[in-house]
Asks: 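Please read through the structure below; I'll follow up with questions.
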Amino acid sequence: MFYRGNDNYLMDRREIAQVLDDMAVIFELTDENPFKIRAYQNAARVVEGMSDLEERIASGSLTEVPGIGKNLADHITELYKTGKIKEHERLRKSIPPGVIDMLSIQGLGPKRVKIIYKELKATDIGQLELLCRVGAIRTRKHFGPKIEENILQGISYLRRHLGEHLSSNALAAAVEIFEKVKRHPPVKRAEIAGSIRRRKELVKDIDIVASSDAPKKVMDFFTGLPEVEKVEAKGETKSNVILKSGISADLRVVSDKEFPYALHHFTGSKEHNIAMRGRAQKMGMKMNEYGLFSVRGKQEKIIPCKDETEIFARLGLEYIEPELREDMGEIAAAENGTLPKLVTEKDVKGIIHVHSNYSDGINTIEELARYSQKLGYSYLGICDHSQSAGYAGGLKPAEVKKQWEEINEVNKKLKGFTVLKGIEVDILTNGSLDYNDELLEGFDLVIASVHSKFNMTEEEMTSRLIKAISHPNVDILGHPTGRLLLSREAYKVDMHKVIDAAAKYNVAIEINANPHRLDLDWRLCPYAHSKGVKIAVCPDAHTTDNIHDIFFGVGIARKGWLTKEDVVNAWPVEEFIRWLKK
DNA sequence: GCCGTTTTCGGCCCGACTGTTTTCAGTCG
């Protein structure tokens, strides 16, 4: 199931980018030159997209990379070699961590946080909340009751999601410790269970299930891992630790005979398990994490099963994929033999919705194409931003024409691979699109997305999206609700009406595979399927690395019961193009 | 911070929106 990750230095590059971004954040709070801040942010993105970082560090040629000068080259080298930057450590100490946390509150940026910290002396979110409640915020210039209210709402949103993690972060942390546990000699079998295995978009903790005859040894090994910050509980069957990444992780160790039952039990969901136990009971059986038992009076006898498939079979069910175990109809479908054959990562044929260096992406069209081809895909849809998206380097019509010529050139060079001329066109406030019809007609592929004016009423936003969908050139509706997991709520919109409109105009809806979005929500996929609406699983990539995010999008599609027939970019290129020309 | 046949200082991207104001500051994308 696992994220195949990337070749070579992904973690190093991401970690370096993270530190540079962190420095930029601190600079924002300390009145640094705004262009210096941007230089750091820019360098973070550049490093993230570099394929030859190690060579350049070794040869000292980092400064040849646009956006990296003497200073940043030194910082990056220091970080790569020593794991830290002295100046970063110094900056970190100059500002309380609780102040930096405030920046994650929606509507609070560096300027306001600085006033809250320097003038109102609040050093964490709790103190800030108190200031809002007593009306102390509104005493400052340009602060008023409405801003107090917005801050309180932002804090409440953060609290509601306290202890939750993006699936991408949780998975990365889980894989790191899981691989070690799995390779530990006393361990016979091991799997990541829980909501990560069910591919939920947000995850509270990591669950690992292992089998062994020497549970104590396994527990000692687990609680002694270098990734562990704190051991919360430690026993022979269960241990709980807090990882240095801040995520809580559970390990359960059972005998190898018990493993399939434990795996099923700790994969959940709780609701699925309740329904399964009810079914077992009706069939004269009993089910828990240690086994499936036949019950006769007071006599209980274990029913041996070597894996989960056998457990389901004993209960008269087809194997149910973990993604579907939410008690949302999967048990009935497994009984009737009507479970869908879920789309897999391998089914995906084309990567669409990718930003190039024409707008806010890092890589050139050719780099993106060659990388996608190397990964085994057969087509790529370049979809940069349209002209209104000034912040993201949106393309003016003349630049679009230039890009088309470049795409033609790249297509001539590549064999057995097709680059499509696409665009992520902004949906303007009134639902019209950001280019005239003549220009739109020239694209192979048009994704329409909202990037502005999120605070409309539900009626206004719904009709705005439906108007965009009804445009004859629109093929796909991009990130339909605009949500950013753990940081921004979706805008108000009636997605059922939007899906109905997508069905009417034969427009596909995106599952944006960026782990911060995962939008369309999987809970709405069955409705879309029932209306015949197709889905596009798109990485919304801004670097070659981001293309791997497709993994998270496919997870959501699977959770939404979708098959490869439902997913337009799981179709061969000819079929996809035929559909685009519909 | 970076960049540069405008070669070493001066420019670097901006439009929309909100909540404050009474002309603008801050945030977001």
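Being a predicted model, the structure only gives us computed values, none of them experimental. So you know, we letter chains A, B, ... as the sequences are listed, proteins then strands, and number each from 1.
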Asks: Fit a plane to each ring of A:Tyr40 and A:His75, take the angle between them on a 0 to 90° scale, and name the class: parallel (under 30°), tilted (30 to 60°) or perpendicular (over 60°).
Replies: tilted
Asks: Quick one: A:Gln41 CD to B:dC2 P, roughly how many Å, whole number?
Replies: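 To the nearest whole Å, that distance equals 14 Å.
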Asks: Between A:Glu406 and A:Lys402 (salt bridge meaning N to carboxylate O under 4.0 Å), is one present in this structure?
Replies: no
Asks: Check the angle between the aromatic planes of A:His161 and A:Tyr157 and answer parallel, tilted or perpendicular using the 30° and 60° thresholds.
Replies: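 Answer is tilted, since the angle falls between 30° and 60°.
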Asks: Do A:Glu201 and A:Ser167 get their side chains close enough for a donor-acceptor pair, meaning under 3.5 Å?
Replies: no
Asks: Just how far, in rounded Å, is C1' of B:dC13 from CG of A:Asn42?
Replies: 13 Å
Asks: Write down the distance separating the C1' atoms in B:dA25 and B:dT20, rounded off to the nearest Å.
Replies: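 One C1' to the other, the span is 8 Å.
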Asks: Would you classify A:Lys70 as touching base, sugar-phosphate or nothing, given that sugar-phosphate means primed atoms plus P, OP1 and OP2, and contacts are heavy atoms under 4.0 Å?
Replies: sugar-phosphate
Asks: If you measure from the C1' atom in B:dC2 to the same atom in B:dT7, how many Å do you get, rounded?
Replies: 15 Å
Asks: In whole angstrom, give the distance that lies between atom CG of A:Asp360 and atom C1' of B:dC28.
Replies: 14 Å
Asks: Suppose you measure atom C1' in B:dC14 against the same atom in B:dC9; what distance do you get, rounded to whole Å?
Replies: 24 Å
Asks: Classify the ring geometry between A:Tyr371 and A:His548 as parallel (under 30°), tilted (30 to 60°) or perpendicular (over 60°).
Replies: perpendicular
Asks: Check A:Asp426, A:Val474, A:Ile423, A:Leu428 against A:Leu433 for a side-chain contact (heavy atoms from CB on, under 4.5 Å) and give me the one that passes.
Replies: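 The passing option is A:Val474.
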Asks: To the nearest Å, how far apart are A:Glu28 CD and B:dT27 C1'?
Replies: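 For the pair A:Glu28 CD and B:dT27 C1', the rounded distance is 11 Å.
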Asks: With sugar-phosphate meaning primed atoms plus P, OP1 and OP2, does A:Tyr40 contact a base, only sugar-phosphate, or nothing at under 4.0 Å between heavy atoms?
Replies: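 Sugar-phosphate only.
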Asks: Write down the distance between CD1 (A:Ile137) and C1' (B:dA25), rounded to a whole number of angstrom.
Replies: 16 Å
Asks: Restricting to nitrogen or oxygen on both sides, can you table the protein-nucleotides 16-19 of chain B pairs closer than 3.5 Å?
Replies:
residue, atom, partner, partner atom, Å
B:dT18, OP1, A:Asn455, OD1, 2.9
B:dT18, OP1, A:Asn455, ND2, 2.1

Asks: How is A:Leu108 classified with respect to the nucleic acid when contacts are heavy atoms under 4.0 Å: base, sugar-phosphate, or nothing?
Replies: sugar-phosphate
Asks: Go through the steps for A:His479 and A:His451 under the test ring-ring contact (aromatic ring centres under 6.0 Å, His included), then give the verdict.
Replies: CA-CA 10 Å; A:His479 44 71; A:His451 291 109; 5.1 Å; yes
Asks: Is there a Watson-Crick or G-U wobble partner for B:dT8 with both distances under 3.5 Å, and if so, which one is it?
Replies: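 Pair assignment: B:dT8 / none.
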Asks: Honestly, is A:Arg199 close enough over A:Phe551, meaning NZ or CZ under 6.0 Å from the six-membered ring centre and within 45° of the axis?
Replies: yes
Asks: Specify the separation, in whole Å, of atom NZ of A:Lys36 and atom P of B:dG10.
Replies: 20 Å
Asks: Report the relative orientation of the aromatic rings in A:His385 and A:His355; use parallel for angles under 30°, tilted for 30 to 60°, perpendicular for over 60°.
Replies: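 Parallel.
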Asks: Please give the distance between the C1' atoms of B:dC12 and B:dT18 as a whole number of Å.
Replies: 27 Å
Asks: Under 4.0 Å, heavy atoms only, any strand: does A:Val46 hit a base, just the sugar-phosphate, or nothing?
Replies: nothing
Asks: Between C1' on B:dT27 and CD1 on A:Ile105, what's the gap in Å once rounded to a whole number?
Replies: 14 Å
Asks: Expressed in whole Å, how much space separates the P atoms belonging to B:dC17 and B:dT22?
Replies: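 23 Å, rounded to whole Å.
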Asks: Please give the distance between the C1' atoms of B:dT27 and B:dC13 as a whole number of Å.
Replies: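 After rounding to an integer number of Å, I get 16 Å for this pair.
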Asks: Calculate the interatomic distance between A:His88 atom NE2 and B:dG1 atom C1'; express it in whole Å.
Replies: 16 Å
Asks: Give me the distance, rounded to whole Å, that separates B:dT6 from B:dG11 when you measure between the C1' atoms they each carry.
Replies: 12 Å
Asks: Could you tell me whether A:Asn71 contacts a base, only the sugar-phosphate backbone, or nothing, with contacts defined as non-hydrogen atoms closer than 4.0 Å?
Replies: sugar-phosphate
Asks: Closer to the 5' end of DNA chain B via nearest nucleotide, is it A:Lys141 or A:Ala392?
Replies: A:Ala392
Asks: Quick one: on DNA chain B, does A:Gly107 or A:Val65 contact a more 5' nucleotide (nearest heavy atom)?
Replies: A:Val65
Asks: Go through B:dC13, B:dG1, B:dC28 for me and flag the one nearest to the A:Arg38 side chain.
Replies: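 Selected nucleotide (nearest to the side chain): B:dC13.
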